[in-house]
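It should be emphasised that the depicted structure is a prediction, and the values quoted were computed from it without experimental measurement. For the single chain, residues carry numbers from 1 onward in sequence order.
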Amino acid sequence: MGWPLTMTRLGLPPVGSADGTKVIGHAMGEQVDYLALLTAIFKPALVAYVEAQVDAVADEAATLPAEAQAEKLAEISGNMLSAARAEATLVWRMQTDGLAVEHRVDADVRAVLGVALQVVPPTASSEPWGMAARAAGVIEIR
């Protein structure tokens with residue numbers, strides 16, 4: 001086990017050539033990640049500090065019960081998906097109009113593809129299926 005490392009990019013000063021052109025670039029290399037090292041060394045103190053900061057601003061009286069929190073989170077998730085669908089629709093429309101625009105890398109896949117996921121309860125089946133049935137030799141794969 002060694003020291004925690006991080007990749008660092010260092011800008012280099014422009015270098016001039018004989019004809020006056022300048023070459024600009026950067027260097028990359030690994031170096032010790034001192035922040036990770038200090039965090040590991042002082043982890044208990046850091047955790048205690050963060051917990052004290054949270055406790056100082058936390059308002060226990062204003063917290064929602066677990067059920068209400070779940071409802072709010074579901075509502076927020078639905079709102080985010082609606083916004084993502086609107087964004088995807090705009091991107092598709094701009095692409096149709098010939099504009100060079102792409103979906104964000106972190107765009108919601110459901111919005112980009114225009115699909116909705118549905119939870120379907122499993123049907124009662126008296127026969128085994130899937131990998132367990134194959135393992136038990138009940139069904140054959142041809």
Kindly work out whether a path of hydrophobic side-chain contacts (I/L/V/M/F/W/Y, heavy atoms less than 4.5 Å apart) joins [X] to [Y].
X      : Y      : value
Val115 : Val112 : no
Leu46  : Leu35  : no
Tyr49  : Leu38  : no
Leu81  : Val109 : no

Got a donor-acceptor contact below 3.5 angstrom from the Gln31 side chain to the Thr6 backbone?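 No, because the side chain of Gln31 does not come within donor-acceptor range (under 3.5 Å) of the backbone of Thr6.
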Using only atom types and a distance under 3.5 Å, with no angle test, would you say the side chain of Thr96 pairs donor to acceptor with the backbone of Trp92? yes
Interatomic distance, [X] atom [atom1] to [Y] atom [atom2] [nearest 0.5 angstrom]:
X      : Y     : atom1 : atom2 : result
Glu60  : Asp55 : CD    : CG    : 7.5 Å
Lys72  : Leu64 : NZ    : CG    : 7.5 Å
Met94  : Thr89 : CE    : OG1   : 10.5 Å
Asp108 : Arg85 : CG    : CZ    : 7.5 Å

Heavy-atom neighbours of [X] [atom1] exceed 12 at 6.0 Å:
X     : atom1 : value
Arg93 : CZ    : no
Met80 : CE    : no
Gln53 : CD    : yes

Could you walk me through whether Val91 and Glu102 pass the side-chain contact (heavy atoms from CB on, under 4.5 Å) check? CA-CA 7 Å; Val91 171; Glu102 293 293 329; 5.9 Å; no
